[in-house]
Amino acid sequence: MRHMESYQLTFAQALHTALQGKLSLQHITNLLETPRRKELGDAAFPCFTLAKELKISPVDIAQELAEAISHPAFEKVEAHGPYVNVFFHRLSFSAEVLSRILREGEHYGDHDAGNGATVTIDLSSPNIAKPFSMGHLRSTVIGASLSHLAEKNGYVPIRINYLGDWGTQFGKLITAYLHWGDEDRVRKQPIIELLALYVMFHEKAQTNPALNDEARLWFKKLEDGDEQALQLWKWFRDESIQSFQKTYDLLSISFHSYNGEAFYNDKIAGVVNQLRAKGLLTLSDGAEVVSLEEHGLPPCLIVKRDGASTYAVRDLAAAIDRYKTYHFKKSLYVVGPEQSLHFQQVMLVLEKMGYTWAKEMIHIPFGFILKEGKKMSTRKGKIILLEEVIAEAISLARQTIELKNPTLPNKEVVAKQIGVGSLIFHDLKNDRLGNVEFSLQTMLAFEGDTALYLQYTHARACSLLRKVTSAPSTSGLCDDHSFSIVKHLSLFPVIVQNSFSHYEPSQLAKYAIQLAHLFNAYYSAVRILTEDSERDNRLALVKSVTIVLKESLRLLGVQAPEEL
RNA sequence: GUCCCAGUAGCUCAGCAGGAUAGAGCAUACGCCUUCUAAGCGUACGGUCGGGGGUUCGAAUCCCUCCUGGGACGCCA
């Protein structure tokens, strides 16, 4: 990992000179690492590769290099076995880092890699007439964080909520409603009632397969513009969107577009015609498909046997439309891993159609939320409602506030920030692809690696700053605790870049946890407000920590109250 | 059957473009508030890095193979 770049570079150059061109500067830079333990130094150069080339013991090489290097930026250069370790000049390094953070404020870590190019992000994308489940939370929260990170890296993010508002599921829902539905009950509790109908359909279809045919028929009618079908569809859709909006408000997430599958309905025929004109369609079992045999993949189903469209065509139409509308540089799809094959197929079909930008489409899958080790399934009604979990989280946060700080102003606002933040952070702190076992207990925990830990640390630091009026000073600090924090703060810009380039908000989450941990250790070891000559330098450190912590949380989609 | 993802401490997970003694949190035990928010800090306990091969100075990390869990594999999305 490349840390503390300017100092690393200085070190690399010094090595380059000392080695008299035996290794290129680039090669040296790539070899540099950070010692496992800080007592060993701030940067290290392992001599193994050099030893191999020169056929000299790496220990001897390290010894020789350490003696040859000396630079005002380094306090000490020493050989430690086969490594050359350097210690940065703490005072100047910390002065440099802290003054930069104070100068740049929330813009510290901004990066212009994107150069103003557009990135579309397909996120959340719940299915209409189904409740907003825990699974949708992952897409929403990961997508929102990637959107913030994209912006921080100089891109212009476009958040698209590709609503699942079309498809055979509506045939099923209409069928179920006409058989067993009750208008008043649906009006009273739309989401719950519609889900019940959906579940009932699947139960009854087990013993009565004719229902499936009926559902297909209703969807076909919907596509053909049947009035009754359309009316029901619109009703179901409106009710659902209203319900989703409440959740988005709680999560503070907004979208640039809600164009869902239905929006592309009238563009499907054009895509099918285009495929046909290019000779890409072949008939198979009465359905029309695009063969992907040359890629070793199963064919992509385009038109069903009954003439109805498939979700693949809708994704094709949507991708084409998005490119026309936004001219994206990248197009991200934050969608579950079960659709990996589907996206591979869609991208390859687009390429076969001649759209070179299909290469810029990136599927960003994530692990499942499991219940007792199994994927949760809507069809069996095994579902946990996000709204209930959020309400539970906020209520727990409220209780904790009453316990810890009953005189806090804005208790209700803060309870919301803590409760919602803890859910978001729980979802983002682990590797995207890892599965998450659903557990209210861990999800709503307020100890350890949680949003609250970060929020608490931030509030604590803010509290210190509130108590003084003098301006922070940045002539530097050199004790162990301070310097560990400074080094960590200096990594932030790199973390911002890596989190986005790997599409992995968890890297940032881990970074923030570590920062909070270092700060809390410092807090308990050093009396920050003691009035001595160093106080204003300590305050500069505290201020810098609040800036980076708050910005980290913002990029994750979590709020950082100044007091709690 | 084929393909994809995962397997690291009792539990949840970091680490994985190979590098120095494998790290956190939870749980357990014990310390630390007359002083800046104890929602915190510290110490202890805890490991055949799923098994087995291989590549090399060096493997949790790369390659092969097997085992286990999950997912996908045309008319759901």
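Everything numeric here is computed off the predicted structure, so don't read it as measured data.
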_Nucleotide nearest A:Arg466 (side chain, heavy atoms from C-beta), chosen from B:C41, B:G70, B:U37_ = B:U37
*asked:* Regarding A:Gln455, tell me which of base, sugar-phosphate or nothing describes its non-hydrogen contacts under 4.0 Å with the strands shown.
replied: nothing
*With sugar-phosphate meaning primed atoms plus P, OP1 and OP2, does A:Ser463 contact a base, only sugar-phosphate, or nothing at under 4.0 Å between heavy atoms?*
base
*Who does B:U28 pair with, Watson-Crick or G-U, both distances under 3.5 Å?*
B:A44
_Qualifying residue, where the test is side-chain contact (heavy atoms from CB on, under 4.5 Å) with A:Glu223 and the options are A:Trp166, A:Trp218, A:Phe170_ = A:Trp166
*Examine B:G40: is either OP1 or OP2 under 4.0 Å from a nitrogen or oxygen in the side chain of A:Lys404? Give yes or no.*
no
*Under the ring pair (Phe, Tyr, Trp, His ring centres under 6.0 Å) criterion, do A:Phe11 and A:Phe45 qualify, and how do the steps go?*
CA-CA 9 Å; A:Phe11 184 33; A:Phe45 177 70; 7.0 Å; no
*For A:Pro35, answer base if it contacts any base atom (sugar-phosphate contacts may also be present), sugar-phosphate if it contacts only those atoms, and nothing otherwise; contact means non-hydrogen atoms under 4.0 Å.*
base
*Report yes or no: is there a donor-acceptor pair, N or O only, under 3.5 Å between the side chain of A:Arg37 and the base of B:U21?*
yes
*Base, sugar-phosphate, or nothing: which does A:Thr310 touch, judged by heavy atoms less than 4.0 Å apart?*
nothing
_B:C41, OP1 or OP2 - any side-chain N/O from A:Asn520 closer than 4.0 Å?_
yes
*Has A:Arg36 got a side-chain N or O lying under 4.0 Å from the OP1 or OP2 atom of B:G15?*
no
_The side chain of A:Tyr456 is closest to which nucleotide in this list: B:C26, B:A38, B:C36?_
B:A38
*asked:* Within the 4.0 Å heavy-atom criterion, would you say A:His342 contacts the bases, only the backbone, or no part of the nucleic acid?
replied: nothing
*For A:Lys304 and B:A77, is the shortest distance between a side-chain N/O and OP1 or OP2 below 4.0 Å?*
yes
*Base, sugar-phosphate, or nothing for A:Tyr523, non-hydrogen atoms under 4.0 angstrom?*
base
_Before you tell me yes or no, could you show the steps for A:Tyr311 and A:His342 under ring pair (Phe, Tyr, Trp, His ring centres under 6.0 Å), namely the whole-Å CA-CA distance, both residues' side-chain angles and the distance that decides it to 0.1 Å?_
CA-CA 9 Å; A:Tyr311 70 118; A:His342 163 70; 4.2 Å; yes
*Considering only atom P, compute the distance from B:A59 to B:C49 and round it to an integer number of Å.*
12 Å
*For B:U2, what is the paired nucleotide under Watson-Crick or G-U wobble rules, both distances under 3.5 Å?*
B:A72
*Which distance, rounded to the nearest 0.5 Å, do you find between the CG of A:Leu428 and the CG of A:Leu508?*
9.0 Å
*How would you label the contact of A:Asp306 with the nucleic acid (heavy atoms, under 4.0 Å): base, sugar-phosphate, or nothing?*
nothing
*Could you please name the partner base of B:A59, counting Watson-Crick and G-U wobble pairs only when both distances are under 3.5 Å?*
none
*asked:* In this structure, how many angstroms lie between the C1' atom of B:G74 and the CG atom of A:Leu301, rounded?
replied: 5 Å
_Candidates B:C73, B:A20, B:C75 - which lies nearest the side chain of A:Pro298_ = B:C73
*asked:* What I want to check is whether an N or O donor and acceptor connect the side chain of A:Asn85 with the base of B:A20 at under 3.5 Å.
replied: yes
